[in-house]
Amino acid sequence: MGLRLTNTLSGCKDEFVPSDPQHIKMYACGVTVYDKCHLGHAMQAILYDIFARYLRFKGYRVTYVRNFTDVDDKIILRASQLGISPLELSDQMIEASRKDMLSLKVRPADFEPRVSEYIPQIISYIQDLQAKGFAYAGQDGSVYFRVRLKEDYGKLSRQNISELRCGVRKDVEEGKEDPVDFALWKVEETPGATWDSPWGRGRPGWHIECSVMASEILGDSFDIHGGGRDLVFPHHENEIAQSEAKSGGTYARYWVHNGLLTVNRQKMSKSLHNFISIEDAVRDYGYELIRFNIYQYHYQSNIDFSAQGFFLGLSRLYSIYRTRQRVIDYITRNNLSRSETRHPEYLQAFCEAMDDDFNLPKAMVVIQSVLQSQNEIMDKKINQQNAEELLSMECLLQDVLPILEIGIRPPQEFFHEIHSRYLTLKSLTNDWVLEKVAQRVKCRTEKNFAMADEIRDELLAQGISLLDSREKTSWELSERALEELVAL
RNA sequence: GGCGACAUGGCCAAGUGGUAAGGCGAGGGAUUGCAAAUCCCUUAUUCCCCGGUUCGAAUCCGGGUGUCGCCUCCA
């Protein structure tokens, strides 16, 4: 079964047919590097990275492009405030962004072009548009795109040009023939962020960069173009207009748009003080919890981050790693060898979920079911058939979890990280806990259950929960402890 | 004013014509010294409201209500 994708252009979930059956070309709008990246960027980067990984998993060759916008009003403003050049600022921010992505386990795109590296191509692109009559130099010297000449303008966002209220939020630039026109080249002199052009010194407009970089790297037509919902209009609409005006053909064939990130159901914004940087979030919650939370929602809807969601996620992650550890122990104890067979039913279920418009919540259900089945098997008495079943599930998980980049660390590393974070928070030590556990073990062997229970209660009051098995007593964090760890 | 999206059990959330996934919570059971962990069972005759199309609608159409996004900064 093939992939189906919700295509903003058609408004439907369409069968995805790449123009080259072996090779998928994908472009996603990256960040404008005027500040540190926030969780919304993380979410977008994680999603498209997963799309690329999954398509590769399915056997496609994928070329994935994600740009950096390093020429922009906000960068110029910020840089002048900081007393550095715009490109210095964007260099720093790109470096920070790369670090952020690494910490989230997001793989770099195959191409990560920067606007400043494509100025000559942008200029000749605009010249071509000018030759075709779609671009004109306005009275102020800047170059604009003649929107009304593109008769299908508005097809992506379903906007009607005559209904647009121009200048509602921003003053209309002088020099345009028509208020709906948008800038391709802005004439101005900003140190460090301007280049010579046939129209004078200046810099590219807001939308031209993606059209140019996408076509330079992927060609005039490619398969998937993605970005946040908030880019549909005007950014993507304008990209289509420019690109198709220039090439005369179809630009991106499928447009996918992810929802935005909310914090406690409110859009994340600096003015609401709910702005979370990737750096802070990774430090406070860990990359897996951030990813887990994203996977609870379909990519098209807004994804909410809240203490409740993080708590739920951490409990589930905890549980995932408990099972991961249990499987490792089980395999070692029973001296089982690796399986080369991926459990066929679960593999199919996983692929069906992902093929259905990258339905991550559904895919996560499959993962949970696999883990549950593994536990079920390990609860039973071992036999040949059980063991094979378990191993094929394990084989599947080892192939599929890396796509999601979740549950693949050594479990002890995960537990150690969470536990030490908690112990530090509560000023407790690992030795203290172990001492208490040892005391209790002694009480239990002496059948002094009253004392044993007392120690257990004492630990529980500190957020430490005990697990007695036949061989040993181990400890982990209680629900309340997990809750405390993720309080926003 | 225009365009668009969404509304599903106590909470979160899948599900675009065939009779409501899953998680959390709650209740019961197996297991346990008792717990925890794990597993099993139960927990929405019903999908914001009102009409319509259909043999059949959470899903399609019309109207209403509510929430949100975008309308030239945005992932």
Side-chain angles (χ1 to χ4, degrees), chain A residues 6 8 11-13 28-32 34 37-45 47-48 66 69 72-74 77 147 154 157-160 162-173 179-183 205-207 226-235 237-238 257-262 265-269 296-298 300-302 304 306 308-309 311-313 315-316 318-319 322-323 326 353 356 359-366 368-369 371-380 444 447 449-450 452-453 456-457 460 465-470 473-476 478-479:
Chain A
T6 297
T8 310
C12 307
K13 207 189 269 186
C29 285
V31 290
T32 300
Y34 70 101
C37 290
H38 57 69
L39 271 183
H41 301 124
M43 166 185 150
Q44 189 256 10
L47 287 170
Y48 293 96
R66 184 170 186 268
T69 298
D72 167 89
D73 287 338
K74 276 178 292 188
L77 179 72
V147 165
S157 57
R158 292 166 184 81
Q159 297 281 345
N160 183 337
S162 53
E163 304 288 354
L164 288 177
R165 288 177 133 196
C166 291
V168 169
R169 292 175 63 187
K170 189 164 177 135
D171 296 336
V172 177
E173 287 93 341
V180 295
D181 291 349
F182 57 89
W206 307 289
H207 314 294
R229 274 243 99 77
D230 51 352
L231 295 184
V232 175
F233 189 88
H235 186 58
E237 194 68 65
N238 291 350
H257 288 102
N258 55 277
L260 303 180
L261 180 132
T262 58
R265 301 276 168 191
Q266 282 187 310
K267 185 179 172 173
M268 189 162 73
S269 80
Q296 300 313 298
Y297 301 81
H298 189 96
Q300 284 183 79
S301 35
N302 286 349
D304 192 56
S306 65
Q308 194 198 6
F311 165 62
L312 200 66
S315 323
R316 298 308 308 155
Y318 215 87
S319 167
R322 224 161 11 216
T323 305
R326 196 179 169 199
D356 183 10
N359 193 324
L360 287 164
K362 235 193 226 176
M364 287 305 288
V365 168
V366 177
Q368 297 286 357
S369 307
L371 295 166
Q372 190 167 308
S373 300
Q374 288 188 315
N375 273 318
E376 198 184 335
I377 287 173
M378 292 184 291
D379 277 355
K380 284 193 236 165
R444 286 186 78 222
K447 300 254 186 261
F449 293 122
D453 289 354
R456 185 172 61 194
D457 290 344
L460 193 61
S465 167
L466 296 180
L467 295 82
D468 296 325
S469 72
R470 211 153 295 161
T473 293
S474 55
W475 66 272
E476 58 180 40
S478 72
E479 276 195 12

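Nothing here was measured: the structure is a model prediction, and the numbers come from that model. Lettering of chains follows the sequences in order, A, B, ..., and the numbering in each one begins at 1.
When all heavy atoms of V180(A) and V147(A) are compared, the closest pair comes out as O-CG2, 3.3 Å. Taking all atoms of both residues into account, the shortest heavy-atom contact from P361(A) to Y297(A) is CG-C, 3.5 Å. The two residues L460(A) and S478(A) have their closest heavy-atom pair at CD1-CB, 3.9 Å. Smallest separation of non-hydrogen atoms from F311(A) and E479(A): CE1-O, 3.3 Å. Contact detail for G227(A) and N258(A): the closest heavy-atom pair is O-OD1, 2.8 Å. Residues G11(A) and R158(A) come closest through the heavy atom pair N-NH2, 3.4 Å.
Nearest nucleotide to the S301(A) side chain, out of A14(B), C12(B), U72(B): A14(B). When distances are taken from the side chain of Y297(A) to each of A13(B), G4(B), C71(B), the shortest belongs to A13(B).
Rounded to a whole Å, the CG atom of L260(A) is 14 Å from the P atom of C68(B). Counting to the nearest Å, the C1' atom of A75(B) and the OH atom of Y48(A) are 8 Å from each other. One can place CD of Q300(A) at 14 Å from C1' of G69(B), the figure rounded to the nearest angstrom. As a whole-Å value, the separation of N302(A) CG from C68(B) C1' is 7 Å. Nucleotide C70(B) holds its P atom 12 Å from the CD atom of Q159(A), rounded to whole Å. Rounding to whole angstrom units, CG of residue D72(A) and C1' of A75(B) are separated by 14 Å.
Note on N258(A): every side-chain N or O is 4.0 Å or more away from OP1 and OP2 of A75(B). Distances shown here put a side-chain N or O of N359(A) below 4.0 Å from the OP1 or OP2 atom of G15(B). Note on T32(A): a side-chain N or O is less than 4.0 Å away from OP1 or OP2 of A75(B). At least one side-chain nitrogen or oxygen of R322(A) sits closer than 4.0 Å to the OP1 or OP2 atom of U38(B). For H298(A), a side-chain nitrogen or oxygen approaches OP1 or OP2 of G15(B) to under 4.0 Å. Regarding contacts with the backbone of C71(B), every side-chain N or O of S157(A) stays at 4.0 angstrom or more from both OP1 and OP2.
Taking CG from L360(A) and CE from M364(A), the interatomic distance works out to 8.5 Å, rounded to the nearest 0.5 Å. Note that CZ of R322(A) and CG of N375(A) are 9.5 Å apart. Values are rounded to the nearest 0.5 Å. The distance from atom CG of D304(A) to atom CG of L260(A), rounded to the nearest 0.5 Å, is 12.0 Å. For the atom pair CD (E237(A)) and CD (Q159(A)), the distance works out to 7.5 Å, reported to the nearest 0.5 Å. N359(A) CG to T6(A) OG1: the interatomic distance, rounded to the nearest 0.5 Å, is 10.0 Å.
A residue-by-residue look at T323(A) and R470(A) shows that R470(A) has its nearest nucleotide of RNA chain B further toward the 5' end.
If you check every strand for non-hydrogen atoms under 4.0 Å, L47(A) touches nothing. Using a 4.0 Å heavy-atom criterion, one finds that Q308(A) contacts the sugar-phosphate atoms exclusively. No engagement by S315(A) is indicated, since no non-hydrogen atom pair under 4.0 Å with the nucleic acid exists. Using a 4.0 Å heavy-atom criterion, one finds that G11(A) contacts no nucleic acid atom at all. When heavy atoms are screened at a 4.0 angstrom cut-off, N375(A) is found touching the sugar-phosphate backbone but no base atom. Among the heavy atoms of the strands lying under 4.0 Å from G40(A) is at least one base atom, whether or not backbone atoms are also near. Looking at heavy-atom distances under 4.0 Å, T262(A) makes no contact with the nucleic acid at all.
Annotation: side chain of T8(A) is in contact with side chain of R229(A) (closest heavy-atom distance under 4.5 Å). Counting heavy atoms from C-beta outward, F449(A) and K447(A) have side chains that approach closer than 4.5 Å. Under the 4.5 Å side-chain criterion, counting only non-hydrogen atoms from C-beta, Q44(A) is in contact with R66(A).
By the ring-ring contact (aromatic ring centres under 6.0 Å, His included) test, H41(A) pairs with H38(A), sequence neighbours left out. Residues passing the side-chain hydrogen bond (donor to acceptor under 3.5 Å, both in side chains) test with D457(A): none are found, sequence neighbours excluded.
Relative orientation of the H207(A) and F182(A) rings is perpendicular, given thresholds of 30° and 60° on the angle between their planes.
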Heteroatom pairs (N/O) under 3.5 angstrom, protein to nucleotides 33-36 of chain B:
{"unit_1": "G33(B)", "atom_1": "N7", "unit_2": "R444(A)", "atom_2": "NH2", "d": "3.2"}
{"unit_1": "G33(B)", "atom_1": "O6", "unit_2": "R440(A)", "atom_2": "NH2", "d": "3.2"}
{"unit_1": "G33(B)", "atom_1": "O6", "unit_2": "R444(A)", "atom_2": "NE", "d": "3.1"}
{"unit_1": "G33(B)", "atom_1": "N1", "unit_2": "D453(A)", "atom_2": "OD1", "d": "2.9"}
{"unit_1": "G33(B)", "atom_1": "N2", "unit_2": "D453(A)", "atom_2": "OD1", "d": "3.4"}
{"unit_1": "G33(B)", "atom_1": "N2", "unit_2": "D453(A)", "atom_2": "OD2", "d": "2.7"}
{"unit_1": "C34(B)", "atom_1": "O2", "unit_2": "R456(A)", "atom_2": "NH1", "d": "3.2"}
{"unit_1": "C34(B)", "atom_1": "O2", "unit_2": "R456(A)", "atom_2": "NH2", "d": "2.4"}
{"unit_1": "C34(B)", "atom_1": "N3", "unit_2": "R456(A)", "atom_2": "NH1", "d": "2.8"}
{"unit_1": "C34(B)", "atom_1": "N4", "unit_2": "D468(A)", "atom_2": "OD2", "d": "3.2"}
{"unit_1": "A35(B)", "atom_1": "N6", "unit_2": "D468(A)", "atom_2": "O", "d": "2.9"}
{"unit_1": "A35(B)", "atom_1": "N1", "unit_2": "D468(A)", "atom_2": "N", "d": "2.9"}
{"unit_1": "A35(B)", "atom_1": "N1", "unit_2": "D468(A)", "atom_2": "OD2", "d": "3.3"}
{"unit_1": "A35(B)", "atom_1": "N3", "unit_2": "R456(A)", "atom_2": "NH1", "d": "3.1"}
{"unit_1": "A36(B)", "atom_1": "O2'", "unit_2": "S465(A)", "atom_2": "OG", "d": "3.2"}

Write out a two-atom table: protein N or O, nucleotide N or O from nucleotides 59-61 of chain B, distance below 3.5 Å.
none

Distances for protein N or O near nucleotides 20-25 of chain B N or O, under 3.5 Å:
{"unit_1": "C24(B)", "atom_1": "OP1", "unit_2": "R316(A)", "atom_2": "NH1", "d": "2.9"}
{"unit_1": "G25(B)", "atom_1": "OP1", "unit_2": "E479(A)", "atom_2": "OE2", "d": "3.1"}

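Separating the C1' atom of C61(B) from that of U53(B) is a span of 7 Å, rounded to the nearest Å. As rounded to the nearest Å, A21(B) and G29(B) have P atoms that lie 26 Å from one another. Using C1' as the reference atom, G64(B) and G25(B) are 34 Å apart when rounded to the nearest Å. On the P atoms, G23(B) is 9 Å away from C40(B), given to the nearest whole Å. As rounded to the nearest Å, U65(B) and C55(B) have P atoms that lie 32 Å from one another. Comparing C60(B) with C6(B), their P atoms sit 9 Å apart, to the nearest whole Å. Nucleotides G28(B) and G69(B) are separated by 45 Å at their C1' atoms, to the nearest Å. The C1' atoms of C24(B) and A14(B) are separated by 15 Å, rounded to the nearest whole Å.
Counting only Watson-Crick and G-U wobble pairs whose two distances sit under 3.5 Å, RNA chain B takes part in these stems of three or more pairs: B:1-7 with B:65-71, B:10-12 with B:22-24, B:25-30 with B:38-43, B:48-52 with B:60-64.
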